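Structure, as structure tokens:
On a predicted model such as this, the values are computed, not experimentally measured, just so you know.
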Amino acid sequence: MKKVKVKSLAEKYKVTAQKIVAILKEEGIDVKTASSVVPEADIELVEMHLDELFGSKKEQKKSEKKECQTVSIKPPVAVRALADVMDKKPNEVIAELMKEGIFASINQTIENEVAEKVAKKFNFELKIEKRDKETHAANSNANNTDVVAKFVDREEDHIQRPPVVTFLGHVDHGKTSLQDKVRETSVVKGEAGGITQHIGASTIDYNNHKITFIDTPGHEAFTQMRARGAHVTDIAILVVAANDGFMPQTIEAMNHALAAEVPVIVAINKMDLPEADPDKVLLHMQQNNLMSEDWGGDVGTVRVSAHTGQGLDELLDRILLESEMLELNANPKRPGVATVLEAQLEQGLGATSNILVQDGTIKEGDVVICGEYFGRVKSMLDENGNKVFEAGPSTPVKLVGLSGVPEAGTEMHVARNEKVARQAAEKAASEKRQEALRGSSVTSADDLFSKINQSKQASLKIIIKSDVRGSGEAIIDSLNKLPSEKIKVDVVSASVGSISENDVMLAAASDAIIVGFHVRVNNGVNALAKREGVDIRLYSIIYELLEDITDALTGKLEPVKRENNIGKAKILKIFSVSKGPKVCGCMVEEGSVRVGAMAKVYRDGGMIFNGEITSLRRFQDDVKEVKSGLECGIRLDNFMDFDENDVIEVYEIELKKATL
């Protein structure tokens, strides 16, 4: 009979090697690692036992796959088109998009990955057709054999690469602090408000193995950045505070990791606190369908403390075990392929990109293509600011030399030469402009009416300037989520870099305010803004920015008008006056009647006039107010068609500050 390793059984039944080891030990079979071999005499018994435990799930998945229908669609994918191919109503698709935090109209285009994810929710496999002689973006450009530097991918050139580990979790649960303890650095102290604002990456050596860490922000405003972090990672560490347990962003982060189909390790942090309750975390895991190995599941949990260093070795050992199971490898001899984690404009350096090399090697002097930007690599810096001349697989570096600031998540490839890189970048830029035009066009009567209705909304126009693209995207995403149907935020422009005179002129022309996040104002700009009446607001923490923008939105709304009834009078007799309009003799039955108040005249239950009380008389005297139980003469603004027994209801308008 053939020998069977623990690792093979784990792969077959889609569970961790540690889970298999635990099951075998229960059966009295002594195995220790993923590479251990199951004794020949026990293989049949073990497989029968594993079939009983995991076979039913396997069969269920198979039957689900059979029921899944395949549909195809041409890019770009619009919401209406996606609904049509699945034979669903557009509002059903829009509802699923909203669950993903994406707000799209019926004719708006959505990302291919998002469309595939939504289709999966309806049990459809979505195939997106390729365009003839066209490419969607940078990824396709870079995959074009005319652009990418040629190479021969030989099996013998492949080596084991370091695992890329992402720390995910709720804000202030200790993700960055946990890494700090491993790296013995102090990133947290440099972040405004002690909250991580950008994606950062670093590499450590542990037991002669390299591990690359990506730290992602925990605040919900950075959902998109966190999602990107989950998609470039091999292993996700879900950091949960032992005193808090699962929080809203913990669940959100968990879903990102599961959607990326990466192994999850739960690090129960803050074990040094007296109120630490790891069992609460295990319970929350079970409630969110994430079963811990401690409770018979297959998700590793490690108790740690970023403060004391407790459990860090155990956590790193677990990372290496999961890495061994994944059998990660790459070819360092091929031209480099990387993903942009973050990009920004820096004084003295120009456009810089924080990248993670995923395969191959990028060297100083290489020509690279990244979306609509290209350039020759002028220099690369590691996380400590040291210059490096080449970056291999799973290595994070800051790259200088691109012609512009690419979007986070864009793929970067080493190109054949500068000429083809320039042509590919220009083509990608042209296609992006065309996409934008297609996305903004009115394609149906429904869409036209939607746009007309939207134009009636009050709006606050904003120009966003941020230090990095990711922050700008996070701000836009948060503003779009503000819960208001009365008013909307219109982002006129969002770019990176300091606030310039051009920004002020654009704001003046479009009646917008300028919001700066981690940026400075250039010399002379404040004076120009004052002359042009442009409001500039600077922030370093996103909470404050959102609060202020909400206040600004509230101030933009028209005050809410409320009618307060103050009195009621009945017309007893009509008097004709030689000069001026008629006066009606009335009895004030309720409240009081005042000069300047508003009056509604009712006849037989129907309103015949709504206007202002211009004067009041008591006998021969003009008065300002007449109270209940007294008679008076009332003159209304531009109304003379009184009749006896008409009823006058008197009210005042109260202006109340509007709220979102």
Atom CG of Asn523: over 12 foreign heavy atoms under 6.0 Å = no
Would you indicate whether the side-chain heavy atoms of Ser323 and Leu328 approach each other to under 4.5 Å?
-> yes
Of the non-hydrogen atoms in Ala512 and Val492, which two are nearest, and what is the gap between them?
-> CB-CG2, 4.2 Å
Heavy-atom pair of closest approach, residues Thr203 and Pro396 | OG1-CD, 3.3 Å
Rounded to the nearest 0.5 Å, how far does CE of Met412 lie from CD1 of Ile362?
-> 6.0 Å
Could you give the distance from OG1 (Thr233) to CG (Leu356), rounded to the nearest 0.5 Å?
-> 9.0 Å
Output every pair passing salt bridge (Lys or Arg N to Asp or Glu O under 4.0 Å) with a member in residues 379-388, not counting sequence neighbours, ordered by first then second residue.
-> Glu364-Lys387
Between CD1 of Ile128 and CG of Asn112, what distance do you get to the nearest 0.5 Å?
-> 3.5 Å
All side-chain hydrogen bond (donor to acceptor under 3.5 Å, both in side chains) counterparts of His209, not counting sequence neighbours = none
Could you walk me through whether Val182 and Ile211 pass side-chain contact (heavy atoms from CB on, under 4.5 Å), step by step?
-> CA-CA 11 Å; Val182 176; Ile211 301 173; over 6 Å; no
Does Pro332 offer a backbone N or O that forms a donor-acceptor pair with the side chain of Thr361 under 3.5 Å?
-> yes
Point-to-point distance, once rounded to the nearest 0.5 Å, from CD1 of Ile214 to OG of Ser202 | 9.5 Å
Can you find a pair of side-chain heavy atoms, one from Leu479 and one from Leu546, that are under 4.5 Å apart?
-> yes
Taking side chain as C-beta onward, heavy atoms only, is His173 less than 4.5 Å from Asp244?
-> yes
Which residues pass the side chain to side chain contact (heavy atoms under 4.5 Å, CB included) test with Ala306, sequence neighbours left out?
-> Ser177, Leu178, Asn269
Value rounded to 0.5 Å, distance of OG1 in Thr352 from CD in Gln344 = 3.5 Å
Please check if the side chain of Asn417 supplies one atom and the backbone of Lys419 the other of a donor-acceptor pair under 3.5 Å.
-> yes
Salt bridge (Lys or Arg N to Asp or Glu O under 4.0 Å) involving Lys333 - partner list, sequence neighbours excluded | Asp157
With sequence neighbours left out, what residues match Ile476 under side chain to side chain contact (heavy atoms under 4.5 Å, CB included)?
-> Ile464, Asn480, Val491, Ala494
Residues forming a salt bridge (Lys or Arg N to Asp or Glu O under 4.0 Å) with Arg520, sequence neighbours excluded = none
Ser466 and Ser471 side chains, donor-acceptor separation under 3.5 Å = no
Sequence-distant partners of Lys210, salt bridge (Lys or Arg N to Asp or Glu O under 4.0 Å), two or more places apart = Asp205
side-chain hydrogen bond (donor to acceptor under 3.5 Å, both in side chains) pairs, two or more places apart, involving residues 394-405 = Arg161-Ser394, Glu346-Lys398
Okay, side chain of Ser478, backbone of Ala474: is any donor-acceptor separation there less than 3.5 Å?
-> yes
Shortest non-hydrogen contact from Ala343 to Pro406?
-> CB-O, 3.3 Å
SG (Cys370) and CD (Glu407) are apart, to the nearest 0.5 Å, by 9.5 Å
Is the closest side-chain heavy-atom distance between Val165 and Ile265 below 4.5 Å?
-> no
Evaluation steps, side-chain contact (heavy atoms from CB on, under 4.5 Å), between Ile235 and Leu326 = CA-CA 9 Å; Ile235 299 165; Leu326 293 169; 3.9 Å; yes
Apply side-chain hydrogen bond (donor to acceptor under 3.5 Å, both in side chains) to Asn331 and list each qualifying residue two or more places apart in sequence or on a separate chain.
-> Asp153
Please name the pair of heavy atoms, one in Lys461 and one in Asp511, separated by the smallest distance, quoted to 0.1 Å.
-> CB-O, 3.9 Å
Who are the side-chain hydrogen bond (donor to acceptor under 3.5 Å, both in side chains) partners of Arg422, not counting sequence neighbours?
-> none
Whether Arg537 side chain and Val515 backbone form a donor-acceptor pair below 3.5 Å = no
Tightest non-hydrogen contact, residues Tyr373 and Arg469, listed as OH-NH2, 3.8 Å
Looking only at heavy atoms, what is the nearest atom pair of Ile536 and Ala529, with distance?
-> CD1-CB, 3.7 Å
Are the side chain of His413 and the backbone of Ile369 linked by a donor-acceptor contact shorter than 3.5 Å?
-> no
Report yes if some heavy atom in the side chain of Thr212 is under 4.5 Å from a heavy atom in the side chain of Asp234; otherwise report no.
-> no
side-chain hydrogen bond (donor to acceptor under 3.5 Å, both in side chains) against Asp359, all qualifying residues, sequence neighbours excluded = none
His307, NE2: over 12 other non-hydrogen atoms inside 6.0 angstrom = no
Do Glu322 and Ile319 come close enough that some side-chain heavy atom pair is under 4.5 Å?
-> no
Determine which pairs satisfy side-chain hydrogen bond (donor to acceptor under 3.5 Å, both in side chains) with at least one residue from residues 492-509, sequence neighbours left out, and list them in order.
-> Lys465-Asp503, Ser498-Asn522, Ser500-Asp503
